[in-house]
Amino acid sequence: RRLLTHGALAAVGLGAARGAAARQTPEVDLVLVEKRRRRLTLFQGDQAVRTYRVALGRNPVGHKRREGDGRTPEGRYILDWRNPQSRFHLSTHVSYPNRRDTLAARQRGVAPGGAIMIHGLPPRLAHLGHNHSRWDWTEGCIAVSNLEMEEIWRLVEDGKPVLIRP
């Protein structure tokens, strides 16, 4: 009888712990990237719930103007789909270029580029972990460590806005 009581109490405690953990998972409704600060922040309402150091495009200053310029775009976009088979561990797509970006590139007579992602590290850099963000090395994407990308993957659903500021 005593074993049954302790077992029942343990089961209730375990269920309560699982419920508490589920309630602690934030419902992210905005991803903010601050390029100058090399920072990506996940927000729930006006509350920052996670912050990460990032690496950007190899030419990070200014808005992306054309394919191959090495810049990370600036503006408001949507995280619209994911790639679980990414060469960069995991990745989620930023909806660049939008209509404005496409029109501006067309007026300049250039292609706007695309395939801008928030992603983890390729196998050759995975050993760097957080140290990857000491320099800007992407083609215009936003890179985090693989562990951080796994967390972002879990916390941010497709369709959420991403605001990329200078």
Side-chain angles (χ1 to χ4, degrees), residues 21-22 24-44 46-102 104-105 108 110-166:
Q24 291 174 357
T25 301
E27 291 184 26
V28 172
D29 48 26
L30 174 69
V31 176
L32 173 65
V33 177
E34 298 166 284
K35 290 172 52 174
R36 271 189 216 107
R37 294 182 177 193
R38 302 301 189 272
R39 184 168 64 188
L40 182 153
T41 306
L42 306 181
F43 282 89
Q44 179 180 30
D46 61 356
Q47 184 72 34
V49 294
R50 301 283 193 285
T51 301
Y52 312 94
R53 290 272 310 152
V54 299
L56 301 171
R58 69 186 185 291
N59 186 18
V61 177
H63 178 58
K64 184 165 193 62
R65 296 173 47 89
R66 63 176 173 79
E67 186 172 25
D69 66 6
R71 291 183 177 174
T72 301
E74 297 170 358
R76 190 172 183 87
Y77 301 95
I78 299 295
L79 297 175
D80 54 0
W81 56 269
R82 300 165 181 244
N83 181 0
Q85 303 299 320
S86 173
R87 296 179 312 152
F88 298 91
H89 189 60
L90 297 169
S91 62
T92 186
H93 183 256
V94 175
S95 64
Y96 174 87
N98 60 28
R99 285 186 214 151
R100 184 180 313 139
D101 299 320
T102 302
R108 288 189 301 277
V110 298
I116 301 297
M117 312 291 275
I118 297 173
H119 61 68
L121 305 177
R124 67 181 169 73
L125 297 179
H127 67 281
L128 294 175
H130 298 288
N131 291 322
H132 81 92
S133 64
R134 291 184 179 202
W135 73 96
D136 293 314
W137 55 270
T138 77
E139 294 296 315
C141 294
I142 300 154
V144 294
S145 76
N146 288 347
L147 288 175
E148 292 166 336
M149 188 62 217
E150 289 171 11
E151 184 172 56
I152 292 167
W153 186 270
R154 283 191 309 273
L155 296 177
V156 182
E157 297 175 358
D158 289 350
K160 297 299 181 182
V162 57
L163 178 59
I164 305 172
R165 291 186 176 155

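What you see is a predicted model, and the numbers here were worked out from it, not measured in a lab.
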Taking the side chain as C-beta and beyond, is there a heavy-atom pair between [X] and [Y] under 4.5 Å?
X	Y	answer
L79	V94	yes
Y52	S133	no
L30	P161	yes

Is there a donor-acceptor pair closer than 3.5 Å between any side-chain N or O of [X] and the backbone N or O of [Y]?
X	Y	answer
R53	R37	yes
R71	R65	no
T72	G140	yes
Y96	P112	yes

Hey, what's the ring geometry for H132 with W137, parallel, tilted or perpendicular (30° and 60° as the breaks)?
perpendicular

Assess the residue pair F88 and L125 against the criterion (side chain to side chain contact (heavy atoms under 4.5 Å, CB included)); give the C-alpha distance rounded to whole Å, side-chain angles, the decisive distance to 0.1 Å, and a yes or no.
CA-CA 9 Å; F88 298 91; L125 297 179; over 6 Å; no

Salt-bridge present (R165, E74; N to O < 4.0 Å):
no

Let me confirm one number: the [atom1]-[atom2] distance from [X] to [Y], rounded to the nearest 0.5 Å.
X	Y	atom1	atom2	value
W81	S95	CH2	OG	11.5 Å
Q44	E27	CD	CD	6.0 Å
N59	E139	CG	CD	10.5 Å
I142	I118	CD1	CD1	5.0 Å
D136	C141	CG	SG	12.0 Å
L90	E148	CG	CD	13.0 Å

Passes side chain to side chain donor-acceptor pair (under 3.5 Å), H63 versus D101? Steps please.
CA-CA 10 Å; H63 178 58; D101 299 320; 2.9 Å; yes

Could you go through H119 and T138, starting from their C-alpha distance and side-chain angles, then the distance that decides it, and tell me whether this counts as side chain to side chain contact (heavy atoms under 4.5 Å, CB included)?
CA-CA 10 Å; H119 61 68; T138 77; 4.1 Å; yes

To check you understand the geometry: which heavy-atom pair defines the closest contact between [X] and [Y], and what is its length?
X	Y	value
M149	G120	CG-N, 3.6 Å
H93	I116	CD2-O, 3.5 Å
L128	W135	CD1-CH2, 3.4 Å
G62	K35	O-NZ, 2.7 Å
D69	K64	OD1-NZ, 2.9 Å
P97	G114	CD-CA, 4.3 Å

Within a 6.0 Å radius of atom CZ on R38, are there more than 12 heavy atoms belonging to other residues, nucleotides or ligands?
yes

V31 and its side-chain contact (heavy atoms from CB on, under 4.5 Å) partner, picked from V162, I152, L155:
V162

For L147, what residues pass the side-chain contact (heavy atoms from CB on, under 4.5 Å) criterion, not counting sequence neighbours?
S145, E150

Residues forming a ring pair (Phe, Tyr, Trp, His ring centres under 6.0 Å) with H89, sequence neighbours excluded
none

Going through the distances and angles, do H127 and L121 end up as a side chain to side chain contact (heavy atoms under 4.5 Å, CB included)?
CA-CA 9 Å; H127 67 281; L121 305 177; over 6 Å; no

Intermediate values then yes/no, side chain to side chain contact (heavy atoms under 4.5 Å, CB included), L40 and T51:
CA-CA 6 Å; L40 182 153; T51 301; over 6 Å; no

